[in-house]
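Just follow the structure's listing: the first ligand is 1, and inside any ligand the first atom is 1. The structure presented is a predicted model; accordingly, all values stated were derived computationally and were not measured.
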Amino acid sequence: MSIITEISSDDPRQSLAKLLQIPLGLDVWEVKPERLVARATEAQIDRLVQMGYKVKPIVDETTHLRTFAEPSLMAGYHSAASLEQDMRQLAAAHPHLAELKELGRSIEGRTIWALRIGERRGNSKKVLFMGCHHAREWIAVEVPFLLARELLEKANEPKIAGWLSSAEIWVAPMVNPDGHEFCRTQYRLWRKNRRRNPDGSIGVDPNRNYGYMWGTLNIPTSSHVPSDDTYVGPRAFSEPETRAIRDLIACEHISGLITYHSYSQLVLYPWGYTNEEIADPVDRQKLIGLARGMGDRIRSVHGMVYTPQQSSMLYPTAGDTTDWSYGTYGIPSFTIELRPTTAEQGGFILPANQIGPTFEENRPAFFLIEELLSPPAVARRYVQGARIAEGERVAGPGMGGLAVAAAAPANSLEIVVGGTVIRVPPGSDREAIAAAVGAVKSAMR
Ligand SMILES: [Zn+2]
């Protein structure tokens with residue numbers, strides 16, 4: 001029997017970071033500076049004690065499931081079948097705005113569905129919201145589904161109407177339908193897909209199977225052992241579920257994405273495979289700024305803290321979705337870990353009465369659409385006598401963001417506005433810079 005266990009250490013030689021390097025086959029649930037939570041067998045717990053770690057059982061798996069996965073607490077979550085039905089209904093009710101698309105088929109032949117939302121304008125910016133790479137993270141199905149429903153049901157509100165006329169929003173709430181179905185009917189804590197591995201074990205972790213720096217780590221949180229919960233698969237994109245998402249992003253030229261997971265309440269940005277930061281200063285500032293912006297907006301709804309941080313700071317992973325989409329296409333890519341924060345609050349099994357509030361606080365994800373449609377102007381190069389730092393946001397009247405500190409006294413300034421580079425002549429004052437930026441922005445509308 002498995003026990004959900006808290007692991008800590010007072011001994012600096014036996015740090016929690018070091019534990020994450022040791023191949024024990026633990027199912028790691030939570031990583032915080034002061035404690036690690038994992039689902040462990042009694043043999044694994046004995047081993048941890050021998051190694052000098054402090055081990056405290058939180059609850060045995062059976063009791064945890066009885067407490068949280070009780071049917072009355074779970075009613076309200078979708079199955080693969082009820083999700084398909086609801087997505088069909090949304091598309092049928094809004095035929096001018098929504099289209100149901102098949103992205104691919106899972107190992108067991110289930111369709112991976114997406115809704116394409118927005119007026120078809122051809123050159124629209126495209127944003128993707130995804131859920132449920134990991135089977136047991138059910139709230140990660142509901143948040144993107146409810147985002148899609150809200151966009152369609154409130155399509156006449158001016159702000160949303162504006163987005164739908166200039167953007168396409170793709171929503172794929174259940175990337176791993178086989179895993180989800182197995183989780184719903186057989187074992188509530190199942191994580192991976194349902195690939196039959198050559199050694200007889202089941203499942204590849206879809207969020208370790210993407211093809212950027214794939215397989216470069218072999219640690220418990222990104223494992224080459226097929227029976228492990230984070231098994232990376234035999235090669236990049238070995239799984240039909242990850243190929244479906246790869247092909248969507250490549251064919252549709254997606255410009256930004258959020259992939260929902262649970263739990264821990266985090267807004268994660270690349271990289272996951274390394275502790276190095278994103279090298280490009282403009283990209284780095286853009287992604288950190290967006291992650292913080294989402295975190296602030298989420299907190300303003302119900303006071304819940306979703307901490308923005310680099311993905312590898314949670315724990316290192318190679319082959320995750322956002323490393324690949326940012327690493328390959330340079331597009332802003334985020335993993336949002338939804339409610340709750342701890343195993344004691346249910347961990348992966350969030351009571352259904354929290355679906356509503358979790359969605360409400362995650363509406364600010366729409367901020368990503370807004371930012372991609374109207375990207376802030378960023379000062380890219382300002383050679384000598386700079387009073388505007390490289391990567392600083394530049395804004396003028398009515399443009400939001402930071403005001404320009406000063407004009408360029410002697411050198412020209414390059415400003416990037418959505419892909420267009422503006423060169424501002426030497427000596428330009430703040431109004432001249434604002435006018436140049438404003439002209440490009442209105443041409444983009
Ligand atoms: Zn996950």
Any donor-acceptor N or O pair under 3.5 Å, side chains E142, Y260: no
Ring geometry between F348 and W29 (parallel below 30°, tilted from 30 to 60°, perpendicular above 60°): perpendicular
Plane angle bin for H96 and H94 - parallel if under 30°, tilted between 30 and 60°, otherwise perpendicular: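 Ring orientation, 0 to 90° scale: tilted.
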Step-by-step side-chain contact (heavy atoms from CB on, under 4.5 Å) determination, L115 to L151: CA-CA 11 Å; L115 280 166; L151 287 171; over 6 Å; no
Whether E337 has an N, O or S atom under 2.8 Å from the Zn ion (ligand 1):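 No, E337 does not qualify, because none of its backbone or side-chain N, O or S atoms lies under 2.8 Å.
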Contact flag H261/the Zn ion (ligand 1), N/O/S atoms, threshold under 2.8 Å: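 Yes.
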Angle subtended at the Zn ion (ligand 1) by ND1 of H134 and OE2 of E137, nearest 10°: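 Once rounded, the angle between the two atoms at the Zn ion (ligand 1) is 90°.
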